[in-house]
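Because only heavy atoms are used, hydrogens play no part in the values below, and waters and symmetry mates are left out as well, while side chains stay in.
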Amino acid sequence: MSRHRSYGKATTGAKKRNVLKRFERVQLMKARDQWKERVSVFSLPKTKVAS
């Protein structure tokens with residue numbers, strides 16, 4: 001039995017994500033010296049993904 005073509009290919013590579021996870025945003029902000037200690041990790045400012 002074959003799969004329907006709407007399921008996509010089984011061998012698709014990893015796509016580039018355009019959103020960061022929370023820990024990735026904190027790491028990026030620390031690298032850019034934008035992170036302040038004692039700041040809540042909730043409601044972080046938006047950060048651009050490095051190209």
Going by the rule side chain to side chain contact (heavy atoms under 4.5 Å, CB included), which residues pair with V41 if we only count those two or more places apart in sequence or in a different chain? R22, V26, W35
Partners of Q27 by side chain to side chain contact (heavy atoms under 4.5 Å, CB included), sequence neighbours excluded? F23
Mind listing the closest non-hydrogen atom pair of R25 and L20 along with its distance? CG-CB, 3.5 Å
Smallest separation among heavy atoms of E37 and K30, with atom names: OE2-CE, 4.4 Å
Side chain to side chain donor-acceptor pair (under 3.5 Å) against S6, all qualifying residues, sequence neighbours excluded: H4
M29 side, atom CE; E24 side, atom CD - distance, nearest 0.5 Å: 14.0 Å
